[in-house]
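A quick write-up on the structure given underneath.
Lettering of chains follows the sequences in order, A, B, ..., and the numbering in each one begins at 1.
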Number of protein chains: 2
Amino acid sequence: MPKVSEFQRFLYDNCQLFNNFMVILGKAQKMDQKSRCENCIVRQFNSLRAMTKEELKRVSDSKLMKTVKKGEALFEEGDKLNGVYCVRNGVSKLSKLSANGKDQIVKLATKGEVMGQRSVIVEETANLSAVAVNDMEVCFIPKEAIVNTLHSNPDFTYEVLRHMAHHLKEADDVIVNMSQKTVKQRIAEAFLYLKHNYGEDKDGYLLLTLSREDIANVVGTATESCIRIISEFKKKGLLKSSGKKLGIVDEKGLQDLADGF
Amino acid sequence: MPKVSEFQRFLYDNCQLFNNFMVILGKAQKMDQKSRCENCIVRQFNSLRAMTKEELKRVSDSKLMKTVKKGEALFEEGDKLNGVYCVRNGVSKLSKLSANGKDQIVKLATKGEVMGQRSVIVEETANLSAVAVNDMEVCFIPKEAIVNTLHSNPDFTYEVLRHMAHHLKEADDVIVNMSQKTVKQRIAEAFLYLKHNYGEDKDGYLLLTLSREDIANVVGTATESCIRIISEFKKKGLLKSSGKKLGIVDEKGLQDLADGF
DNA sequence: CGTAAAAGCTGACATATATCATTGTTTGCC
DNA sequence: GGCAAACAATGATATATGTCAGCTTTTACG
C-alpha cells in the first residue's frame with residue numbers, strides 16, 4: 001500500500017498530529033516481538049536500561065520504529081519534538097546552522113544513543129538538526145512515556161542525568177579543541193575519533209565514511225581546506241584512500257600531530 | 001587566630017581529609033543564622049530550590065562558607081571534588097588548559113550557580129579549573145548531601161537535570177560560535193553577554209571587568225588580537241573605557257557586528 | 001549506458017589571526 | 001612617593017585559513 005507511506009510522509013512533514021496518527025498506523029509493527037524494547041540490546045547503552053519492566057513495556061507499546069534514508073532529517077533545529085529517537089542502527093549528525101550559512105556538526109549519534117532528550121526534558125524546541133549520515137533504523141518514543149518515567153523513577157532520572165553530564169563534558173572538551181587547536185590538529189583528531197568509535201574493516205579502512213564536507217563541518221573549517229589537509233595527510237603516509245573509503249595508516253603519527261607534535 | 005587559617009590553607013592544599021577537618025573548624029560559622037541555606041536567596045536560582053526543608057537543613061548543617069580572593073582557585077582540573085560550590089557572591093571562571101599552554105575559559109559562574117556538580121554526579125575528577133575573577137563568597141557542600149538527595153528526591157534530580165540540559169545547550173551554542181564566527185564577532189558577542197548578564201553602572205560601564213587576557217581566553221584568541229580589536233571598537237565608537245573599566249556605547253552596532261552585519 | 005549532478009581536487013589570492021618585540025600605562029605595595 | 005610587576009597598546013611580520021574559480025572524478029539514476 002504505497003498510499004499509506006505517502007500519507008505518513010505528508011503527516012511527518014506537515015502535521016501537528018503526526019504522532020497520534022503514527023501510533024495508529026504503527027500498531028501492526030508493534031506486534032513484532034523482535035522489536036520489543038524489553039529484548040532490544042541497544043537499550044543497554046543508554047538510559048533506558050534504568051527503566052523497570054513495566055515502564056519499558058509501556059514505552060514499547062507506544063514507540064514506533066522508523067527507517068530513515070541517508071540524507072533525510074529526523075528533525076530540524078526549531079522543531080517541537082513530541083518524543084525522542086533511539087538509534088538502533090546507522091549514524092546521525094547533530095548540527096546547527098550558523099549565521100554564515102554553514103552547518104556545524106556538534107555531535108554524531110550512533111547505535112544506542114538517544115536523540116532529542118534535551119529538548120523534551122526542558123520542553124524547548126530542538127536546538128540542533130538531526131540528519132542521517134547513512135541509512136538508519138530508529139525508534140520514536142513519545143515524550144509522555146519519557147516524562148512520566150522521569151517523574152516517577154529516580155533511578156531513570158539519575159541515569160539520564162549521568163548521560164547528560166557525560167555529554168556536557170564532551171561538549172566542554174570540544175569547545176577547548178575548537179578554540180585552541182589548528183584545523184590540521186582537529187582533522188587528525190577527527191580521524192582518530194572515527195577509528196576509535198566506529199572501527200575499521202579488515203583492510204584498515206574506516207567503517208564510517210563521511211564526506212569531506214561533513215568532516216569539514218565537524219572540525220569547523222572550509223571544505224577546500226579539509227580536502228587539502230586530507231591530501232597532505234595521504235602524501236605524508238598518515239592516511240590512505242580507496243574510492244570513497246579512508247583509512248588510517250600511521251595512527252601514532254596522527255596522534256602526535258593532534259597533540260601538537 | 002592566624003595559625004588556624006594557615007592550617008586551613010595547608011589542609012586545603014594538601015590533605016585528603018580536608019573536608020572532615022573543615023567541617024569541624026566550620027562549626028562556629030554554622031551557628032550564624034544568616035548563613036542558613038533555608039534563608040539563602042541564592043538558592044532560588046539553582047537546583048537546591050527543589051530540596052525539601054529537611055534536606056536543606058542537612059545541607060546547611062554540613063556546608064561551610066568560604067571566601068576566595070581574586071585569582072585564587074576553588075579547584076583545579078584533575079582534582080577529586082568532595083563536594084560542590086554554591087556561589088553566593090563574585091564570579092568564577094571555569095577554564096581548561098589546552099596543549100599549547102593557553103587557558104580556554106568555558107564558562108563564567110555567578111551568584112546562584114553551583115560549580116562542580118558534574119564531577120560529583122559522575123564521580124570523575126574535575127574537568128575544568130575554577131578560579132575567582134573577583135573576590136568571592138561560596139558555600140562548600142559535601143558531596144554526600146548532594147548524592148543522597150539525588151537518590152531520594154526525584155524532584156531534585158529532575159531539577160539538576162534541567163539545569164544540566166540548559167548548560168548543554170549553551171555549550172553546543174558556544175561550539176557553533178567558536179567554529180563559525182570570527183574573533184571580532186566573538187568579542188562583540190562577549191561584551192553583549194557581559195552587559196546582559198552582569199549589567200552596567202550608571203555611567204554605562206560594565207559591572208564585571210575582565211582583563212583583556214581573560215576576554216581573549218573566553219573567545220579563544222591571542223591576547224594581542226583581543227587588545228587590537230577592543231582598540232578598534234573604541235575608535236569606531238562601539239566601546240568606551242575609563243581606567244580598567246569598559247563600557248558599551250553602541251549596543252546595536254555591536255549586535256550587528258556579532259551577527260555578521 | 002550515458003548524462004547530469006554531486007563530490008573531490010588544485011591553484012591563486014585575499015585576509016584574519018598569531019607571534020614576537022618593544023614601549024607605555026596602571027596597579028599594588030613597601 | 002616611588003618602584004616593580006602586571007597589564008595594555010602598537011608595529012612588523014609570518015602563517016594559517018578562507019574564498020573564488022576552474023577542473024576532474026565519481027555517483028546516481030532514467
Side-chain angles (χ1 to χ4, degrees), chain A residues 69-72 98-104 131 133-135 177-188 190 205 209-236 239-246 257-258 260-261, chain B residues 69-72 98-104 131 133-135 177-188 190 205-206 209-236 239-247 257-258 260-261:
Chain A
K69 290 241 185 68
K70 176 177 173 173
E72 282 180 10
S98 71
N100 67 43
K102 270 210 215 142
D103 249 1
Q104 173 65 36
V131 173
V133 168
N134 44 33
D135 291 352
N177 281 336
M178 282 295 182
S179 42
Q180 303 286 0
K181 295 201 171 176
T182 65
V183 172
K184 215 170 280 187
Q185 288 178 301
R186 280 178 277 157
I187 291 182
Y205 291 101
T209 300
L210 294 179
S211 69
R212 313 291 150 117
E213 189 181 359
D214 278 343
I215 298 174
N217 289 344
V218 166
V219 303
T221 190
T223 308
E224 297 94 323
S225 302
C226 182
I227 288 173
R228 248 184 268 275
I229 290 171
I230 290 177
S231 301
E232 187 191 322
F233 284 0
K234 283 196 285 190
K235 280 194 198 110
K236 285 192 184 162
L239 296 178
K240 62 183 174 182
S241 67
S242 158
K244 265 188 101 77
K245 286 192 158 306
L246 283 166
L257 217 157
F261 311 125
Chain B
K69 290 241 186 66
K70 178 178 174 173
E72 282 179 11
S98 71
N100 68 43
K102 271 211 213 139
D103 249 1
Q104 174 65 35
V131 173
V133 168
N134 45 32
D135 290 352
N177 282 336
M178 281 296 182
S179 42
Q180 303 286 1
K181 295 201 170 176
T182 65
V183 171
K184 215 170 280 186
Q185 290 178 300
R186 280 178 276 158
I187 291 181
Y205 290 101
L206 294 170
T209 301
L210 293 178
S211 69
R212 315 291 150 119
E213 189 182 359
D214 277 343
I215 298 174
N217 289 345
V218 166
V219 302
T221 190
T223 308
E224 297 94 323
S225 303
C226 182
I227 288 173
R228 249 184 267 275
I229 289 170
I230 290 176
S231 302
E232 187 191 324
F233 284 0
K234 284 197 284 189
K235 279 191 198 113
K236 286 192 183 160
L239 296 179
K240 64 182 174 183
S241 67
S242 160
K244 265 187 100 79
K245 285 189 157 309
L246 282 166
L257 217 156
F261 310 126

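Look at CG on A/Leu210: it is 19 Å from P on C/dA6, rounded to the nearest Å. Rounded to an integer number of Å, the gap from A/Leu246 CG to D/dT26 P is 14 Å. We find that NZ of A/Lys181 is positioned 17 Å from P of D/dA16, with the value rounded to whole Å. Note: CG (A/Asp214) to C1' (C/dG8) measures 14 Å, nearest angstrom. For the pair A/Arg212 CZ and D/dG18 P, the computed distance is 17 Å after rounding to whole Å. What separates CD of B/Gln185 from C1' of C/dT15 is a distance of 14 Å, to the nearest Å. The nearest whole Å value for the distance from the NZ atom in B/Lys244 to the C1' atom in D/dA5 is 12 Å. In this structure, B/Ile187 atom CD1 and C/dA18 atom C1' are separated by 13 Å, rounded to whole Å.
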Going through the checks in order, is the side chain to side chain contact (heavy atoms under 4.5 Å, CB included) test met by B/Ile215 and B/Ile230? CA-CA 10 Å; B/Ile215 298 174; B/Ile230 290 176; 4.1 Å; yes
Run the side chain to side chain contact (heavy atoms under 4.5 Å, CB included) test on B/Glu232 and B/Arg228 for me, step by step, so that the C-alpha distance in whole Å, both residues' side-chain angles and the decisive distance to 0.1 Å come before the verdict. CA-CA 6 Å; B/Glu232 187 191 324; B/Arg228 249 184 267 275; over 6 Å; no
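Taking a 4.0 Å limit (strictly below) on heavy-atom distances, residues 223-235 of chain B reaches DNA chain C at B/Glu224, B/Ser225, B/Arg228.
Annotation: of the two residues near DNA chain C, B/Lys184 and A/Ser241, the 5′-most nearest-nucleotide partner is A/Ser241.
Not a single donor-acceptor pair under 3.5 Å links the side chain of B/Asp103 to the backbone N or O of B/Asn217. Between the side chain of A/Lys181 and the backbone N or O of A/Ala258 there is at least one donor-acceptor pair closer than 3.5 Å.
Counting heavy atoms from C-beta on, the side chains of A/Lys102 and A/Thr223 never come closer than 4.5 Å. Side-chain contact between B/Ser179 and A/Met178 is present, with at least one heavy-atom pair separated by less than 4.5 Å.
Taking side-chain N and O atoms only, A/Thr221 has a distance below 4.0 Å to OP1 or OP2 of D/dG18.
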